Undergrad: 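Would you mind keeping the following structure in view while I ask a few things?
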Amino acid sequence: MHGILPRLSRRLRVLCLVVVVLTTLAILRQSDLFLPWRYPKPHDSKANPQPQPQPQPQRTLELPPEYTSRPSSDGYWCQERFGVKFLENVRDSSVSYCAHSSQSFNCFWSTTTNERRDAMCYGVGAVYDADISRFRLGCQLRDLSSEEIEKGTPKVPDSLTQYWYETGPGNIVEHNMVLDATNSVETPRATTILVKREGTSNLWHSMMELMSLSWTLDALQMSINPRTQSPYLSPAAASSTQLVFADEHEDGPFIDMWKLFTKMPIRRLHELTRSEPATNLIIPFSGGSNTLWQGDWVDLDCRESALVRAFASRVLQHFNIATPARGNTGVVNAKFIHRGGFRKLINETELIESVKKAVPHIRLEIVDFAKFSIAEQFKMVRETDLLVGVHGAGLTHIMFLPPGSAVVEILPSGFAHRGFRNLAQMLGHDYFRAHAKMHGDASGESQWQFDAVEIEEHRLVDLLHNATRSLFNNGSGF
């Protein structure tokens, strides 16, 4: 009897403990203190709507192989305009502008200037309507949330900027697209890059457009499409990507440059037919938004540009142009850019002959680039150590000079443009400049865009002598 009572009392104590635990659990389960991941509370979908799915963390994608991984010593202002930081900022700026059911129109934003916000956009499953010569994109434009409005998210299509020569995403969306909520989002079987060019005759303007498109495609390769959880662009899309011009300009002398971006034939918008397959649409950054337009009236302290270097590398590879070795020849290969229209150098031939006689170790020739194909121009520039010219689009070739070259720019009197100086510095080239007297028209009025310029012989000789000496002193292998 005495042995049984202790055993009963222990059982009673255990029983009481179990009752207490179960009672406590029942109370907690009715409160918000219970662990939700273990026993979720019943959910009333009407009284408590399901929260919207949170965006997935941004996957970090590698830069295209043309970009070097070396760290930049430039400040943030320079890096976000001319370095890979530009691409990273664009990648992180993506906004979907359609209702959740479609998510077929995304835009990416660049905010490198206080004057405007530049955009490039990507549409999914558009169909070409031959009756109105526009692409129809199934998209119910949504209202921005209060949080988006508070942080300044641009609206579409209102904030899609239009640029000079009626270019830019704003112009494309207004005149070449229809965002139609009644259209379904078709399954795309192609990708179309839709571009409206500024013109075809100015190398600098064309190069700004080409670079902007190149950087657009880079940013899309680095960005995850929320619909597919894969990059917007991949190497596999190259075979089904076409370039369509929304302008009526002729091919022009730089048409082969545009073939850098697609293996398919370049087409015009009016050439498309009713049988076009559904396509994804890329509306690239405009040439007018190119960051090389920024700060070109002041001396910038930017000394690197991964963006320009990567683009130049692609162009040279596209045309299969190698960089010849300098080989310690003791001779500087120099080219003076002849201008056939406005802003000619007076007594050009005589001045160049004087330089050749006065400056040792220089092989200087006058070149009219307009007489050569763009591929031939690049080949000549890649064999050039010293590029000389009056301010103009021909100096765009600075970006294709071999490493460690030099540039001489002759500017009209009082003209303070710094764009070519800044570009040369970002690519590591020595830069020299001088201002020359302008010769106005019969009325004596001067206009830098048109006037011929005149520079004294001794000044030009000194200028090229100093440039040549710098090449021998900078370790470039002469």
Side-chain angles (χ1 to χ4, degrees), residues 164-165 198-208 252-253 292-293 295-299 332 334-359 362-372 377 380-381 384 386-398 401 405-425 429-468 470:
W164 48 47
Y165 309 104
E198 298 176 12
T200 62
S201 61
N202 187 289
L203 179 60
W204 175 260
H205 282 256
S206 293
M207 207 63 69
M208 296 302 101
L292 287 178
W293 286 110
D296 54 352
W297 293 97
V298 296
D299 289 343
V332 170
K335 290 182 175 63
F336 181 91
I337 303 170
H338 170 77
R339 293 184 60 84
F342 303 119
R343 231 174 303 132
K344 294 181 180 179
L345 179 64
I346 294 175
N347 297 327
E348 174 184 285
T349 303
E350 293 81 358
L351 288 171
I352 296 304
E353 287 301 318
S354 297
V355 170
K356 291 163 66 174
K357 294 175 182 178
V359 179
I362 191 171
R363 184 185 294 125
L364 178 59
E365 62 176 317
I366 300 173
V367 176
D368 184 356
F369 282 130
K371 294 182 177 179
F372 300 91
Q377 293 179 42
M380 285 189 289
V381 170
T384 298
L386 172 59
L387 188 65
V388 187
V390 178
H391 173 85
L395 288 172
T396 305
H397 284 299
I398 288 172
L401 286 169
S405 297
V407 179
V408 171
E409 181 178 14
I410 303 170
L411 295 128
S413 178
F415 188 63
H417 188 267
R418 299 292 190 267
F420 292 123
R421 176 265 182 200
N422 294 333
L423 179 59
Q425 179 173 272
H429 304 313
D430 293 334
Y431 174 83
F432 302 84
R433 66 172 173 237
H435 285 86
K437 179 182 177 181
M438 289 187 290
H439 283 255
D441 55 23
S443 66
E445 183 177 353
S446 296
Q447 302 179 70
W448 73 263
Q449 297 98 325
F450 308 108
D451 291 352
V453 297
E454 180 181 11
I455 188 170
E456 298 90 340
E457 177 184 307
H458 72 89
R459 291 185 63 211
L460 185 61
V461 168
D462 289 346
L463 197 61
L464 270 68
H465 189 276
N466 290 333
T468 301
S470 76

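Every value quoted in this text rests on a predicted model; they were computed, and no experiment measured them.
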Undergrad: Using a 3.5 Å distance criterion without hydrogens, assess whether the side chain of Arg459 forms a donor-acceptor pair with backbone atoms of His435.
TA: yes
Undergrad: Looking only at heavy atoms, what is the nearest atom pair of Met438 and Trp448, with distance?
TA: SD-CA, 3.6 Å
Undergrad: NZ of Lys356 to CG of Leu464: how many Å apart, nearest 0.5 Å?
TA: 12.0 Å
Undergrad: How long is the gap from NE2 on His338 to CD1 on Ile352, to the nearest 0.5 Å?
TA: 11.5 Å
Undergrad: With no hydrogens and no angle check, is any side-chain donor or acceptor of Glu454 less than 3.5 Å from a backbone partner on Ile346?
TA: no
Undergrad: Quick one: does Val355's side chain get under 4.5 Å of Phe336's, heavy atoms only?
TA: no
Undergrad: Quick check: do Val367 and Phe372 have side-chain heavy atoms less than 4.5 Å from each other?
TA: yes
Undergrad: Looking at Ala424 and Ile398, what are the two nearest heavy atoms and their distance?
TA: CA-CG2, 3.9 Å
Undergrad: Looking at CZ of Phe342 and CD of Gln449, how far apart are the two atoms once the value is rounded to the nearest 0.5 Å?
TA: 9.5 Å
Undergrad: Please walk me through it: do Leu401 and Val407 pass side-chain contact (heavy atoms from CB on, under 4.5 Å)?
TA: CA-CA 9 Å; Leu401 286 169; Val407 179; 3.8 Å; yes
Undergrad: Please find the pair of heavy atoms, one from Glu409 and one from Leu395, that lie closest to each other, and give the distance.
TA: CG-CD1, 3.7 Å
Undergrad: So which heavy atom on Ser206 is nearest to which on Gly199, and how close?
TA: OG-O, 4.1 Å
Undergrad: Taking the side chain as every heavy atom from C-beta outward, state whether Val359 and Val461 have any pair of such atoms under 4.5 Å apart.
TA: yes
Undergrad: Ignoring hydrogens, what is the shortest heavy-atom contact between Thr200 and Pro253? Give both atom names and the distance.
TA: O-CD, 3.2 Å
Undergrad: Got a second to check how far His391's NE2 is from Arg433's CZ, nearest 0.5 Å?
TA: 12.0 Å
Undergrad: Going from CG on Asp430 to OG1 on Thr468, what distance comes out if it is rounded to the nearest 0.5 angstrom?
TA: 11.0 Å
Undergrad: Anything under 3.5 Å between a donor and an acceptor, one on a side chain of residues 410-420, the other on a protein residue two or more places apart or in another chain? List them.
TA:
residue: His417; atom: ND1; partner: Gly419; partner atom: N; Å: 3.1
residue: Arg418; atom: NE; partner: Asp299; partner atom: OD1; Å: 2.9
residue: Arg418; atom: NH1; partner: Ala416; partner atom: O; Å: 2.9

Undergrad: So with a 6.0 Å cut-off around CZ of Arg363, is the heavy-atom count from everything else above 12?
TA: no
Undergrad: Quick one: does Arg343's side chain have a donor or acceptor within less than 3.5 Å of a partner on Val453's backbone?
TA: no
Undergrad: Is the backbone N or O of Ser405 less than 3.5 Å from a side-chain atom of His429, with the two atoms forming a donor-acceptor pair by type?
TA: yes
Undergrad: So Glu457 and Asn347, side-chain contact (heavy atoms from CB on, under 4.5 Å) or not? Walk me through it.
TA: CA-CA 10 Å; Glu457 177 184 307; Asn347 297 327; over 6 Å; no
Undergrad: Can you measure from CD1 (Ile366) to NZ (Lys335) and round to the nearest 0.5 angstrom?
TA: 13.0 Å
Undergrad: Looking at Asn202 and His205, would you say the former's side chain and the latter's main chain have a donor-acceptor pair under 3.5 Å?
TA: yes
Undergrad: Please name the pair of heavy atoms, one in Ala467 and one in Phe432, separated by the smallest distance, quoted to 0.1 Å.
TA: CA-CE1, 3.5 Å
Undergrad: Between the main-chain N or O of Val298 and the side-chain N or O of Asn422, is there a donor-acceptor pair closer than 3.5 Å?
TA: yes
